[in-house]
Amino acid sequence: MEYLDLLFKTILYRPYVFVFLAAFLFAAVQLIGWPRTWRFWLITWATAFVLEFSSTRNGIPFGWYHYNGSTVGQELYFSNIPFMDPISFSFLLYAAYSVALCLLLPTDLSSSAQSRLASFRFDTASRTSWPVFGLTAFLFAFIDMVIDPVALRGDRWFLGKIYYYPDPGWHFGVPFANYVGWAVVGMVSLAFYFPLDRRLPVVSLPQFVTPRLLPGVGLYYGVLAFNLTMTFWIGETVIGLSGLLMHLPVLAWAAVRLTARPRGRAPS
């Protein structure tokens with residue numbers, strides 16, 4: 001009962017985390033179905049928890065950092081790790097995966113869908129390819145380059161000051177090792193998930209799959225917008241502009257991919 005009470009308090013204390021989690025579940029079930037969705041969530045959550053547990057004790061793979069326990073009793077913890085933190089890794093990895101798919105999936109030249117959006121081929125080989133694997137891990141760490149600098153300043157907004165780095169790094173106080181750790185979480189999680197995806201029954205989807213991919217892409221940029229808004233709100237203009245300029249090229253690339261028409265297809 002104590003854990004259930006703390007879980008309820010966590011939901012009330014961190015509603016934005018659970019809104020993003022709900023958005024992830026909706027988006028993922030639409031695209032990859034429930035059997036893949038719960039495996040994706042569980043693998044990522046477990047990987048993130050184990051690696052955070054490791055890093056807060058021996059500095060691997062995120063480098064040294066510490067949760068200060070300031071919200072113990074206000075939200076659920078597993079050992080010294082806030083429950084909401086590994087959850088965030090799960091929906092952020094799916095969001096990064098969706099953007100990577102948007103950027104790398106081959107165009108389906110046979111699609112007859114009458115839409116202004118490009119049509120992508122969502123076969124198993126394409127969505128579990130090495131380029132998708134690598135780009136997903138990169139985009140996963142890349143969004144944290146906006147999230148972590150503002151999270152580190154959580155005492156100036158409603159996150160709270162929940163962790164610190166004993167040796168602040170060059171990127172607005174965040175050590176580079178932290179971003180390496182994020183990439184490691186992404187790669188380890190996908191290394192477990194992709195073989196499962198290949199073995200599970202074929203996903204049954206309509207030929208025009210792009211609309212089902214868009215919620216995941218929207219989740220990525222929704223989380224990005226939320227964190228940039230917090231950054232500017234607390235007056236960290238340089239950090240906010242840095243994050244915005246970093247991500248604009250990827251956003252532009254995604255927009256081009258989504259609106260590009262395959263050669264030989266007549267305009268509607």
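Of the possible donor and acceptor atoms, none in the side chain of Trp41 sits under 3.5 Å from a partner among the backbone N and O of Phe24. A donor-acceptor pair under 3.5 Å links the side-chain atoms of Asn68 to the main chain of Lys161, judged by distance alone. Between the side chain of Ser55 and the backbone N or O of Leu51, no donor-acceptor pair lies under 3.5 Å. Within the 3.5 Å criterion, the main-chain N or O of Leu159 finds a donor-acceptor partner in the side chain of Arg14. Within the 3.5 Å criterion, the main-chain N or O of Ala118 finds a donor-acceptor partner in the side chain of Thr210. Proximity of a side-chain donor or acceptor of Ser189 to a complementary backbone N or O of Gly186 within less than 3.5 Å is not detected. Using a distance-only test at 3.5 Å, with no hydrogens or angles considered, no donor-acceptor pair links the side chain of Tyr94 to the main chain of Leu219. Between the side chain of Ser54 and the main chain of Ile60, a donor-acceptor pair closer than 3.5 Å is present. Tyr97 contributes a side-chain N or O that, together with a main-chain N or O of Arg127, makes up a donor-acceptor pair within less than 3.5 Å. Checking side-chain atoms of Thr136 against main-chain N and O of Ala100 turns up no donor-acceptor pair under 3.5 Å.
Distance check, rounded to the nearest 0.5 Å: CG of Leu213 to SG of Cys102 gives 6.0 Å. Separation of atoms CG (Leu103) and OG (Ser98) is listed at 11.0 Å; rounding is to 0.5 Å. With rounding to the nearest 0.5 angstrom, the CZ atom of Phe18 is 7.0 Å from the CG atom of Leu21. Remark: Leu245 CG to Ser242 OG distance equals 7.0 Å, nearest 0.5 Å. Here the CZ atom belonging to Phe194 is positioned 11.0 Å from the CD1 atom belonging to Ile43, to the nearest 0.5 angstrom. For the atom pair CG (Leu228) and CG (Leu241), the distance works out to 9.5 Å, reported to the nearest 0.5 Å.
The two residues Ala191 and Pro195 make their nearest non-hydrogen contact at O-CD, 3.1 Å. Of all the heavy atoms in Thr128 and Arg198, the pair that sits closest is O-NH2, 3.0 Å. Residues Val209 and Phe120 come closest through the heavy atom pair CG1-O, 3.4 Å. Taking each heavy atom of Val146 and Val150 in turn, the nearest pair found is O-CG1, 3.7 Å. Nearest heavy atom pair, residue Leu139 against residue Ala96, reads CD1-O, 3.8 Å. The shortest heavy-atom contact between Phe232 and Gly240 is CZ-C, 3.4 Å.
For Leu104, the side chain to side chain contact (heavy atoms under 4.5 Å, CB included) partners two or more places apart in sequence, or in a different chain, are Pro131, Val132, Leu135. Lys9 meets the salt bridge (Lys or Arg N to Asp or Glu O under 4.0 Å) test with Asp5; sequence neighbours excluded.
For the side chain to side chain donor-acceptor pair (under 3.5 Å) condition, the pairs that include at least one residue of residues 22-36, sequence neighbours left out, are Arg36-Asp197.
Residues His171 and Phe176 keep their aromatic ring centres 6.0 Å or farther apart. Proximity of the aromatic rings of Tyr65 and Tyr67 is defined here by a centroid distance below 6.0 angstrom, and this criterion is met.
Tyr163 and Asp85 form no side-chain donor-acceptor contact under 3.5 Å, judged by distance and modelled atom types alone. Counting only N and O atoms by type, the side chains of Tyr77 and Thr71 include a donor and acceptor under 3.5 Å apart.
Using a 4.5 Å heavy-atom cutoff, the side chains of Leu6 and Phe83 are not in contact. Contact annotation: the side chain of Asp148 never approaches that of Phe62 to less than 4.5 Å [non-hydrogen atoms, C-beta and beyond]. For the pair Ile81/Thr56, a side-chain contact is recorded, criterion being any heavy-atom separation below 4.5 Å from C-beta on. In this structure, Leu31 and Leu101 have side chains that are in contact, with non-hydrogen atoms separated by less than 4.5 Å. Residues Val180 and Pro61 have side chains not in contact (no heavy-atom distance under 4.5 Å, counting atoms from C-beta outward). In this structure, the side chains of Leu92 and Ile147 come closer than 4.5 Å at one or more pairs of heavy atoms.
Within 6.0 Å of atom CZ in Phe8, 12 or fewer heavy atoms from other residues, nucleotides or ligands are found, so the atom counts as exposed in its surroundings. For Trp130, the CH2 atom sits in a loose shell: 12 or fewer heavy atoms of surrounding residues, nucleotides or ligands are nearer than 6.0 Å.
A chain of hydrophobic side-chain contacts below 4.5 Å, direct or via other Ile, Leu, Val, Met, Phe, Trp or Tyr residues, connects Trp233 to Leu152. Under the 4.5 Å side-chain heavy-atom criterion for ILVMFWY residues, a single connected hydrophobic cluster contains both Met246 and Val217.
Checked options Tyr221, Phe26, Phe91; the residue passing with Phe20 is Phe91 (criterion: ring-ring contact (aromatic ring centres under 6.0 Å, His included)). Checked against Asn80 for a side chain to side chain donor-acceptor pair (under 3.5 Å), the options Arg57, Glu52, His66 give a single hit: Arg57.
The aromatic rings of Trp45 and Phe78 sit perpendicular, their planes meeting at an angle over 60°, well past the 30° parallel limit.
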Mind running ring pair (Phe, Tyr, Trp, His ring centres under 6.0 Å) on Trp182 and Phe142 for me, showing each step along the way?
CA-CA 9 Å; Trp182 274 68; Phe142 196 47; over 10 Å; no
Begin from the C-alpha positions of Leu196 and Phe192 and carry the test side-chain contact (heavy atoms from CB on, under 4.5 Å) through to its verdict.
CA-CA 7 Å; Leu196 283 175; Phe192 281 104; 5.7 Å; no
Assess the residue pair Phe140 and Met187 against the criterion (side-chain contact (heavy atoms from CB on, under 4.5 Å)); give the C-alpha distance rounded to whole Å, side-chain angles, the decisive distance to 0.1 Å, and a yes or no.
CA-CA 10 Å; Phe140 184 52; Met187 289 187 290; over 6 Å; no
